[in-house]
Amino acid sequence: MHFRHGNRTEGTPPPDARSAAATAAAIAARLGSVTGSDRPGTQGPATENPGVEDPGTENPDHDPDLLREVLATAPVGVALLDDRLRWQYLNPAFTAVTGLRRADLLGRAAEATAFAGAVPALRRVLTDGHDREHATGGPDGAGSPVPPGLRVRYRPLRHAGRTTGVIVVVLDDPDPAREQLRELEQARARLALLNAAAERIGTTLDIGTTCAELAAFTVPALADLAVVDVLPPEAEPSRPGRPGSRRLHRAAVRAVPELDAACAELARPGESVRHREGSAAARSLASGVAVLADPGPQDACPAGAASLLVLPLIARGRLVGLLTLGRTAATPAFTPDEAALLGDLAARAATGIDNARSYTRSQGIALELQRALLSEPGNPHQNLALASRYLPSGSSTVVGGDWYETVRLPFGRTLLAMGDVMGHGVEAAVDMSHYRSALRDIAGMDLPPHRILRQLDHVISADDTARPATCLLALADPGRARWTLSSAGHLPPALITPEHPTELLHVPTGPPLGTGLGGYEQSTYPLDPRQTLLLYTDGLVERRHEDIDTSLARLAALRLPATGDLDELLDAVLHSLAPPPAPAAEDDIALLAARPKPR
């Protein structure tokens, strides 16, 4: 009885029993004796044995097409070499188990391929006609390497009484020790790959950065080309295999220098893509599984790519994008083992991309909420030009407590307010909304700025749940040509004058609002139509581990454009004090610029 137990074969088979490898070798011998070659247009000599029909008859033993079909579906790797040890035939199982392509072997001499280490054994098979076995141990020769631990048997191919070549069979029972070693090496390589991916992919919650990190991780170490497509931010992820939108957002493209010129034909990051029906990408989207294929006319890939592997990016059971990898003809084609390994990498990266997508969506919602709460400042009188800007911080809590407001008062006056509620989050944004509403009500009483702050402090301090806030009020009175300023713990405003350094105006500073302490004062300054008053929150100037006086001195040292459009002035301020990515690093920034209009 012949049976299997684990990776071992126990028992002694009877003499007439044949393993799958022996059967495949016999079929290969028949194919070699009939055709003599796998190359088109090559026809070997017909059999000379008496009583045997010619190959063109109906005897299935001599039908080369039938023999090839049988070998093509056989689970055993089989190949043929001629008497000069050149590769003549490979069945699909042989290329799958060795990881080699037909182009790597067919027509080439054995010593010029990965089987160069087996050439002495092959020559002895041709000389004495006895079988030989060879265990692969890695890169045996030139060209693409062969996986270690494969037991390969070389059997003479005889025709008309002479040895005309060698049959190469990958045995169906590899050495258990080598097989276990190979599995351990694969597991170690997988863990090393995933650990490295965890360190280099998903370092931020930005989708573009995460996708670029994934592409950079795979090229050139794992592929010659990497393309990452993700669902648009507004699209809901769908379960793999379910119909849905096929429009994707190109997030990253990376290639080796040899493919740079050809990649110019591809969609660039930031563009929308829709993969054609029948392409490897479309099939992977439809099925939710990896697709290993040779590039076809329907595939949008650069010229020079000879092997494609498309991996769906699936996170938490939902499809969020595609990872397309390509290799040139100079690199070994992707193998099923590599597809499984890279599938693990794609799953790890998909989680990072999904986290970035979720964060981006929540950040967008929070920013829209902040802008809706802030809205645009109220309409000032026509004698005053205004411009405002709000930049959120880069913290996980996008909504903050920075706010500004304008209130139109009688006699051509406009009240400007800049405030900053302590803390971040929804609670700070809600308190900010309360401050603005209370300011509008109190300002309608037409009080001077320091009394407005006193009343506002009284109202807010009556609410035990309200957070303290700093606030700066500036009353523009063009009719009297003066600014009236009052501060509740806020930073001083900046006065920008043509051909002069920026001046920080001295304003008596009282306690923050909500403390109930009161004690606010005010000061006045001339209102010059050539000057611009800039109100801001601390996120513009403050830096961690830096004294506030140093921060304010940096603002005072600026020479800013005092003429021209106010929006250009705000751009210059942000560019000088908060160059990217600094504005998203520590705190929110709110700006409000005002300039009198000459009559």
Side-chain angles (χ1 to χ4, degrees), residues 7 9 19-22 24-25 28-29 32 37-39 71 74-158 163-189 307 327 329-338 341:
N7 282 329
T9 300
S19 66
S37 176
D38 184 49
R39 292 173 295 175
L71 282 178
V76 179
V78 178
L80 295 178
L81 296 98
D82 61 16
D83 55 358
R84 289 185 290 177
L85 297 182
R86 294 177 304 179
W87 295 94
Q88 301 296 324
Y89 173 83
L90 315 168
N91 74 340
F94 188 87
T95 59
V97 73
T98 60
L100 301 172
R101 296 176 300 174
R102 296 170 65 82
D104 294 331
L105 298 178
L106 282 181
R108 298 188 179 186
E111 60 264 19
T113 66
F115 284 83
V119 169
L122 292 170
R123 287 175 178 163
R124 286 196 294 271
V125 171
L126 289 175
T127 302
D128 59 21
H130 295 300
D131 292 3
R132 297 287 194 284
E133 284 192 10
H134 171 71
T136 61
D140 294 318
S144 303
V146 179
L150 296 178
R151 290 183 60 202
V152 184
R153 177 169 295 171
Y154 306 115
R155 178 171 297 181
L157 172 63
R158 294 187 178 88
T163 301
T164 60
V166 179
I167 305 170
V168 182
V169 182
V170 180
L171 299 182
D172 58 345
D173 52 349
D175 180 68
R178 288 185 177 273
E179 184 67 16
Q180 291 176 2
L181 179 61
R182 185 170 70 92
E183 292 176 357
L184 289 174
E185 289 292 337
Q186 289 178 343
R188 185 170 64 179
S307 177
R327 286 179 177 173
T331 308
F334 291 106
T335 65
D337 286 343
E338 287 181 311
L341 178 63

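- A 4.5 Å side-chain heavy-atom check between Leu80 and Val168 finds every atom pair outside the cut-off.
- Residues forming a side chain to side chain contact (heavy atoms under 4.5 Å, CB included) with Leu85 (at least two apart in sequence, or on another chain): Leu81, Ala110, Val119, Leu122, Arg123, Leu126, Val166.
- Residue Arg155 comes nearest to Asp131 through the heavy atom pair NE-OD2, 3.3 Å, listed as atom of the first residue, atom of the second, then distance.
- Within the 3.5 Å criterion, the main-chain N or O of Glu133 finds no donor-acceptor partner in the side chain of Arg151.
- Every residue two or more places apart in sequence or in another chain was checked for a side chain to side chain donor-acceptor pair (under 3.5 Å) with Asp83, and none qualifies.
- Annotation for Leu100 and Thr95: closest pair O-CB, 3.1 Å, computed over non-hydrogen atoms.
- Distance alone, capped at 3.5 Å, places no donor-acceptor pair between the Asp82 side chain and the Gly165 backbone.
- With values rounded to the nearest 0.5 angstrom, Gln88 atom CD is found 8.0 Å from Leu106 atom CG.
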Apply side chain to side chain contact (heavy atoms under 4.5 Å, CB included) to Val76 and Val169, showing your working. CA-CA 7 Å; Val76 179; Val169 182; 3.6 Å; yes
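- Residues Arg108 and Thr113 come closest through the heavy atom pair CB-CG2, 4.0 Å.
- In terms of heavy-atom proximity, Leu90 sits nearest to Ala79 at CD2-CB, 3.6 Å.
- Nearest heavy atom pair, residue Gly129 against residue Pro156, reads O-CG, 3.1 Å.
- Between Arg101 and Ala329, the closest heavy-atom pair is NH2-O, 2.6 Å.
- The aromatic rings of Phe115 and Phe94 lie parallel to each other, with less than 30° between the two planes, well short of the 60° mark.
- No donor-acceptor distance shorter than 3.5 angstrom exists from the side chain of Thr163 to the backbone of Leu157, with no hydrogens or angles considered.
- Scored by the side chain to side chain donor-acceptor pair (under 3.5 Å) test, Arg84 finds no partners at all (sequence neighbours excluded).
- Residue Arg86 holds its CZ atom at 14.0 Å from CG of Leu105, rounded to the nearest 0.5 Å.
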